There are 4 protein chains.
Amino acid sequence: MNNTVKPTDTVIFYDREKNKKYFINLSITPKFGTENGVIETKDVIGIEYGSEVKTHKGYPYLILPATLYDFIMYKLNRLTQIVYPKDAAYIALRLDVKPGDKIIESGVGSGAMTAIFAHIVGPSGKVISYEKREEFIKNATSNLNKLGFLDRVEIKHRDISEGFDEDDADAVFLDVREPWLYLHHAYSALKKGRMLGILIPTVNQIIETLKKLEELSFIDIEVLEILLRHYKTVPERLRPEDRMPAHTAFLIFARKV
Amino acid sequence: MNNTVKPTDTVIFYDREKNKKYFINLSITPKFGTENGVIETKDVIGIEYGSEVKTHKGYPYLILPATLYDFIMYKLNRLTQIVYPKDAAYIALRLDVKPGDKIIESGVGSGAMTAIFAHIVGPSGKVISYEKREEFIKNATSNLNKLGFLDRVEIKHRDISEGFDEDDADAVFLDVREPWLYLHHAYSALKKGRMLGILIPTVNQIIETLKKLEELSFIDIEVLEILLRHYKTVPERLRPEDRMPAHTAFLIFARKV
Amino acid sequence: MNNTVKPTDTVIFYDREKNKKYFINLSITPKFGTENGVIETKDVIGIEYGSEVKTHKGYPYLILPATLYDFIMYKLNRLTQIVYPKDAAYIALRLDVKPGDKIIESGVGSGAMTAIFAHIVGPSGKVISYEKREEFIKNATSNLNKLGFLDRVEIKHRDISEGFDEDDADAVFLDVREPWLYLHHAYSALKKGRMLGILIPTVNQIIETLKKLEELSFIDIEVLEILLRHYKTVPERLRPEDRMPAHTAFLIFARKV
Amino acid sequence: MNNTVKPTDTVIFYDREKNKKYFINLSITPKFGTENGVIETKDVIGIEYGSEVKTHKGYPYLILPATLYDFIMYKLNRLTQIVYPKDAAYIALRLDVKPGDKIIESGVGSGAMTAIFAHIVGPSGKVISYEKREEFIKNATSNLNKLGFLDRVEIKHRDISEGFDEDDADAVFLDVREPWLYLHHAYSALKKGRMLGILIPTVNQIIETLKKLEELSFIDIEVLEILLRHYKTVPERLRPEDRMPAHTAFLIFARKV
């Protein structure tokens, strides 16, 4: 892929001197202004990433690409708890998501997991997201639009108690309060042999889900949690950070047979 | 994607009664035989995944797709410590790997990380892997061939002290003993604004790498480790497993500016 | 305390050349014999710890004191899962156990937690342990005898559904399958303001216990778990061990008001 | 031990209605006053713990004993990072500290570890703490006085580069910046066969300490860290807390032979 800035990109204006980053969506924001002066964002389109641009006062910024991780962690508009990258990355791998796949999820939340699925399935794949709350759909659509992913994401305004329309999903992912109520629908939506993923915050939900999974024709049932610990990046005094997230979610995986 | 078995697939023969799985590479293994009888693997090609096939004695097996996770954990021929899925999934996300990308890594090891990169960049992308040990190249090539990934992977037989040929990588990943010796080469190979990832097992290596990273034009330096804990899947007595991996590797990420 | 070997001590015969340790209970074992020859254990009594003794063939051993930790980890005869030192040490501190205290526990298990309580309350304190299974009493008594703790431990052969005899315990500790059935008894046994500790392996047990604790007059309810990770002691390649315990038990603490 | 309030106790005034606790040192504070009125603290001395006392306006408080844990976590005046209970409890057990022991430590810090040693060695034991900074001595003395531990603690105003006076310590504990400089002094101070404990925050310090320990006559060298994770105590939605300490310190243990 070439390394030039496209009109729909979310880019980073990087102030090297102060080691400070500003995330700017070029299709939305016409002017980037600070106390150091103003840059018209249209002047950034078409230049190479890593190039320097200057404000009308001559203050330099480097233009850098925003990664999906950056976007999820720093720019996503959040109406809900998001699926964190440590969990999302593992979910995508365990569900065997790859370019061209058709993935079903519910609910859409703020669109973080949707974005990661969309990122991996690519323009030839499809992510179909079921969501019953209109304000979540609106917000997630806006988030996914900024990432240029609306071509490969379809959000259906639907309560999944009515089931899914599809019966050929390469993977199904449930991030809902009572997943045990919808496991039979997830089963119907999946291709045979494919994976179901479930994200839930409490042990009570694990217990209810496991009870129900045992009744259905799922194998390879796994329950797990992932912890991520950062270190302070001082080589002379290397040690872990003082605090860390103790919990984001429990993950359940199972395979339809 | 359709759900039929292709001649180059690695598939699972699933014995439902005994809840037992056999991973078979159809392009290599002509006959699948157990005490329950024999199945000629050519008879499996073209049928739908999830179908039942019977041995000549009439014993049934379900034919299931092997996920990349299955392959890495259970079928990869290992000459080295592999990059574990919990780490590999996070690395791929943090390096912002997506369909169509060009990724450089060194060394190839047993090909686990290579396979995950190849899985995500898809047929329109490219993974270029530098490796100096011939036996690793041979083994990794065999592993990647079983996954059908040789179309998108190029392994270069080269010591990276000579540098990389490329200067337009979307991401660079180093899994070598002394990464601090090659950071300037990684820098040269990367597009501006893109991510470098490093995997190392010891804290001494973190210290050396951080010292050198500080000298180069990398920002957003992060050091972290990921822990994954499984639970026993008994809903009446839910509790974590007794033992878990305490350590696989430390991960370092940085962005070129 | 003086540093001489007493007739009732469990001591370590340390083979310095091979860095190997043998735990010997002097009151039980009259002869310590290896392929290097024999030492009569009565010859060890009264010498100073750290002294060297030789077998009849002239092979030297250092005589070292066995710590309580050594005893619990390596010499305790186990009929049950034991309370591990990482948990036991924290339990003793949180229950505010100190010299002279009267502590009640149930059941006795293999006597590991009993031993730690006895170690801390000292000769002026008392540990009263309720246990319904005779074989556990017999085994724990034997273990505690080897440690010289029978002067300060009383084991009552009793099902705690009948309640505790005491109403002036400085702390109560429950390591039983259904602690929620006995919380009112624990309440009655405790002095006002003192601490209850509970050890349970599953989350289902946490849920049941919390429900019942809410009904009784306990405050400061805490639920937690402790993880301990070892490192390989190689300074040139410092890293965590490959594997670790993922779970021993959950701990609950509460204070009677 | 009887359960009556002593003039030197630090006690909790517990407001049951608001589930709120106030820690009051009776020997220091003559009046306990809130918007609900005043209690003269001398009126509390001699009553039984768990009793209710009323302010002059008739508002009731329960008088509860402060545990050592409470004191360390909520009332200790801190001039330094303290040794946290999860670490301190394990250190005391691994060093085999028991009633009557003589323990040497350096430095005194804010006195948290000192207090735990003093708590366990009891009135018949001794904790000797070496500290070179006068303001730490003053603050720790004040903290230990509130706990009534000055009878069993001696703080020596000394730089340990000059060595320890004692050669018969049951255990030595080092919480200093460069422990590797003093390992030979720790060795001299210990009885043969006894344990050394070291607390350090960085991996660089582990590396230096291990290098030096290898040169001295210590065996059973262990390096470890302890993680403690709390759970939210809601039985209907049981889950870990959102955040936790990621790191307090690394612990090293070794035995002198």
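Computed from a prediction, not measured in an experiment: that's the story for all the values here. Convention: sequence-line order gives letters A, B, ...; per-chain numbering from 1.
The number of heavy atoms from other shown groups lying within 6.0 Å of NZ (C:Lys232) is above 12. No more than 12 heavy-atom neighbours from other residues, nucleotides or ligands sit within 6.0 angstrom of CD on B:Glu134. Atom CD of C:Glu162 has more than 12 neighbouring heavy atoms from other residues, nucleotides or ligands inside a 6.0 Å radius. Around atom CD of C:Glu17, no more than 12 heavy atoms belonging to other residues, nucleotides or ligands sit under 6.0 Å away. Heavy atoms of other residues, nucleotides or ligands lying less than 6.0 angstrom from NZ of C:Lys212 number 12 at most.
Proximity to chain B is absent for every atom of C:Tyr231, based on heavy atoms less than 4.5 angstrom apart. Neither the backbone nor the side chain of C:Ile206 comes within less than 4.5 Å of any heavy atom in chain B. Interface remark: B:Arg237 contributes backbone and side-chain atoms alike to the contact with chain C (heavy atom separation under 4.5 Å).
Summarising the geometry of C:Leu238 relative to B:Asn204, their closest heavy-atom pair is N-OD1, 2.8 Å, with the distance given to 0.1 Å. Minimum heavy-atom separation, C:His247 to B:Glu241: CB-O, 3.4 Å. Considering all non-hydrogen atoms of both residues, C:Ala246 and B:Pro240 come closest at O-CB, 4.2 Å.
Salt bridge B:Arg229/C:Glu225: present, at least one basic N to carboxylate O contact under 4.0 Å.
Taking CD1 of C:Ile200 as the reference point, atom CZ of B:Arg239 lies at 12.0 Å (rounded to 0.5 Å). Rounded to the nearest 0.5 angstrom, B:Met244 CE and C:Leu227 CG are separated by 7.0 Å.
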